[in-house]
Amino acid sequence: MRVSRFLSKTLRQDPGEAETASHRLMLRAGMMMQMGAGIYSYLPLALRSIKKIEAIIREEIDAAGGQEVLMPALQPIEAWQQSGRDVAFGDNMFHVFDRRKREMVIAPTHEEAITLIATANVESYRDLPLLLYQIQTKFRDEPRPRAGLLRGREFTMKDAYSFDTDQEALDVTYQRMRIAYRNIFRRCGLPTLEVEADSGAIGGKDSHEFIMPAESGEDTVLVCPTGDYAANAERATSVIPPAPESAPQEMTLVDTPGAKTIADLVDSMGITEAQTLKAVFYAADKEVVLVTIRGDIEVNEVKLKNLLEVRELRLATPEESVAAGLTPGSTSPIGLTGIKRVGDKSIQQGNNFVAGANQADEHYKNVNYPRDFEVDTIAEIGTSKAGDGCPNCGAALDEVRGIEVGHVFKLGTFFTRTFGGDYLDDAGKLNPMVMGCYGIGVTRVLAAAIEQNHDDKGILYPAPIAPFQVHLVALNADKEEVSTAADATYAQLLELGYDVLYDDRLGESAGVKFNDVDLLGLPVRVVISPRNIKNGVVEVKRRRDDESAQVAAADLPATLAAALAQDEL
RNA sequence: CGGGGUGUGGCGCAGCCCGGUAGCGCGCCUGCUUUGGGAGCAGGAGGCCCCCGGUUCGAAUCCGGGCACCCCGACCA
């Protein structure tokens, strides 16, 4: 492609609305254009990368036994009513009405549609396993779209769904998909962590997320440096730091004027956070629940929500706490009845705690569980953090921020039971198919790739997903010797099968062209100039390197191939 | 949905308090000179000042109402 004919124009200044690196760089590089909150047109540069990512995905999912289909985005609402997910998705789903005022939805995901396909086509165990996938546009009315392609309301997703005879067969498919995912991200040139994940409301047992480490990521992951454990912080378990233990003392009431927080207690009593208990109130589907946890640990709301099996969970308001008989600032499980009480297992590690007394300006000291108070349930509901021990080997866990680009999980039989997705087994009995589902946010992969690979001048694409592999630059292109040589090199590189962006612009200075090269971030730059022609060389520079190499024209193909191969993982 | 912020040529911004011909930088067009890290000179094109209503002789500016977008928190690929 000649730059002189190319649609995309670069901007010299950062656009005002964009703060996140990928968002800012994609707008500056002319890759995309915004049309609304979380809604973008993909211009040629972005679309070329997206297609390369899609091609890699197709190859790997096909290799794993997948068959590509394409399901409608526009769907009658009935299927969603049948699964109950019209309510579950709520405002996250776009609704429209057809001319006869029938309600339709624009699908945010395709479990309903795929289950109907499988149900209609699978009759016996001989038709299984079945793995179907599509690459399609998803529509989700996100509460807060953000950061360009990182979280859009319309985005491209690869979603795959597997159907198996039973749990054991699903396990095999699931493992095959995990491997396919590893291959996909490796081939894209994008280091990605595979971590244990929360499977959410519908979820089955197993769930793994693929996370690309990046500062701007919305997810926090705990990783063991030995490599034997990695999990999303939402579900990570860990060995918590020990708390001091001593011979149990008698529980006594102490005056704590003005002390309302754990920090106040630590300051005024000369103790550590691990020597306190905190009581936290939650509103769980209207019911108020008291959580007691050691003062140095934070409640993990995802774990708590899963434990309580509720749909909605939030901190109780002070009014709700008071109404439940509590004293904010000195809330306590001691002597409390008539309310659901949950204890984190951390209260079993350590003793002689300082805890609230349900009276302003008073606390108890030397509180011991279970001697001094009861809970209805004890479970692990604390948040793991950096420095905690790995659950497998005890080594201190590291914390990494990242972007979720893929998610695989075992769905089970919810949808097949709902839609009558039964098959006949070899004994002639009907059983529901067991499903798995597997997503990759294709457009998010592109944004995450840029988050992961950029510097202060621009993007640094890994070669496999770069919109073009080579940025050919003609300096002083209005000189005939230059345009002749550059045109010939362009033709040669195309002949060799490379994707080439050829900056043939006549009037632009070297500075302008080089800055565009750095901004667009194609993996290799090739410069044709009067100076290089005089010296009988072409100049080759990787975007990631500081130095360029001068090579004889005859050596250009080999030099290019070597430079591009360096991005492979 | 709560909190914070912004809407002015393609992009980045000023003007708004204190109403009176809409301005700057970049980009764009023409010509000449220049040409290895965002060139110079000269000439030029381009604006429903987010929308609706009000006040006023007169509104980008004041008042009321709406809309859009961005950022921070609860959700997800």
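Every chain is numbered from 1, with letters handed out A, B, ... down the list of sequences. What's counted below: heavy atoms across the whole structure, side chains too, no hydrogens, waters or symmetry copies.
In this structure, the nucleotide among B:rC69, B:rG37, B:rA77 sitting nearest to the side chain of A:Arg153 is B:rC69. If you check B:rC71, B:rU35, B:rA77 against the side chain of A:Asp478, the one that comes closest is B:rU35.
Per the geometry, CG belonging to A:Asp14 stands 17 Å off P belonging to B:rC70, to the nearest Å. With rounding to whole Å, A:Arg28 atom CZ is found 13 Å from B:rG27 atom C1'. When the P atom of B:rA39 is taken as reference, atom CG of A:Leu506 falls 16 Å away, rounded to whole Å. Separating the CD atom of A:Glu142 from the P atom of B:rC72 is a distance of 14 Å, rounded to the nearest angstrom. When rounded to the nearest whole Å, the span between CD1 of A:Ile440 and P of B:rA77 equals 12 Å. In this structure, A:Glu154 atom CD and B:rA77 atom C1' are separated by 14 Å, rounded to whole Å.
Heavy atoms of A:Ala447 sit nowhere under 4.0 angstrom from any nucleic acid atom. In this structure, A:Arg24 reaches neither bases nor backbone, as no heavy-atom distance under 4.0 Å exists between it and the strands shown. Counting non-hydrogen atoms under 4.0 angstrom, A:Glu539 reaches a base of the nucleic acid. Using a 4.0 Å heavy-atom distance criterion, A:Asp219 is classed as a base contact. In this structure, A:Gly152 reaches the bases: a heavy-atom distance under 4.0 Å links it to at least one base atom across the strands shown. Here A:Gly507 lies out of heavy-atom contact (under 4.0 Å) with every strand. Using a 4.0 Å heavy-atom cutoff across all strands shown, A:Asp159 reaches no nucleic acid atom at all. Using a 4.0 Å heavy-atom criterion, one finds that A:Val405 contacts the sugar-phosphate atoms exclusively. A:Gly511 comes within 4.0 angstrom of the backbone, heavy atoms only, and of no base. Among the atoms of the strands shown, only primed sugar atoms or phosphate atoms (P, OP1, OP2) are found under 4.0 Å from some heavy atom of A:Glu17.
Summary of the strand contacts: A:Asn476 and A:Leu11 both lie near RNA chain B, and taking for each the nucleotide with the nearest heavy atom, the more 5' one is attributed to A:Leu11. Place A:Lys513 and A:Phe210 on RNA chain B by their nearest nucleotides, and A:Lys513 ends up nearer the 5' end.
For the side-chain hydrogen bond (donor to acceptor under 3.5 Å, both in side chains) test with A:Ser207, the passing option among A:His407, A:Lys410, A:Glu196 is A:His407; the others fail.
Interface remark: the A:Arg525 side chain does form a donor-acceptor pair with the B:rG37 base, using a distance-only criterion of under 3.5 Å. Evaluation of atom-type donor-acceptor distances gives a pair under 3.5 Å for the side chain of A:Asp518 against the base of B:rG37.
Contact annotation: A:Gln34 side-chain N/O to B:rC70 OP1/OP2 distance is under 4.0 Å. Residue A:Ser509 has a polar side-chain atom (N or O) positioned under 4.0 Å from OP1 or OP2 of B:rA39. Dashed line: the shortest gap from a side-chain N or O of A:Arg140 to OP1 or OP2 of B:rC75 is not under 4.0 Å. One finds no side-chain N or O of A:Arg12 lying less than 4.0 angstrom from the OP1 or OP2 phosphate oxygen of B:rG12.
Using a 4.0 Å cut-off between charged side-chain N and carboxylate O, A:Asp206 and A:Arg178 make no salt bridge.
The gap from the C1' atom of B:rC67 to that of B:rA77 amounts to 30 Å, rounded to the nearest Å.
Using the six-membered ring where Trp is involved, A:Phe89 and A:Trp80 have ring planes that are perpendicular, over 60° apart on the 30 and 60° scheme.
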| task | Test A:Asp455 against A:Arg543 for salt bridge (Lys or Arg N to Asp or Glu O under 4.0 Å), laying out the working first. | result | CA-CA 10 Å; A:Asp455 62 17; A:Arg543 173 65 175 87; 2.8 Å; yes

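Listed here is the closest heavy atom pair of A:Lys385 and A:Glu399: CA-OE2, 3.7 Å.
Other residues, nucleotides and ligands contribute at most 12 non-hydrogen atoms within 6.0 Å of the CD atom of A:Gln67. Surrounding CD of A:Glu17 are more than 12 heavy atoms belonging to other residues, nucleotides or ligands, all under 6.0 Å away.
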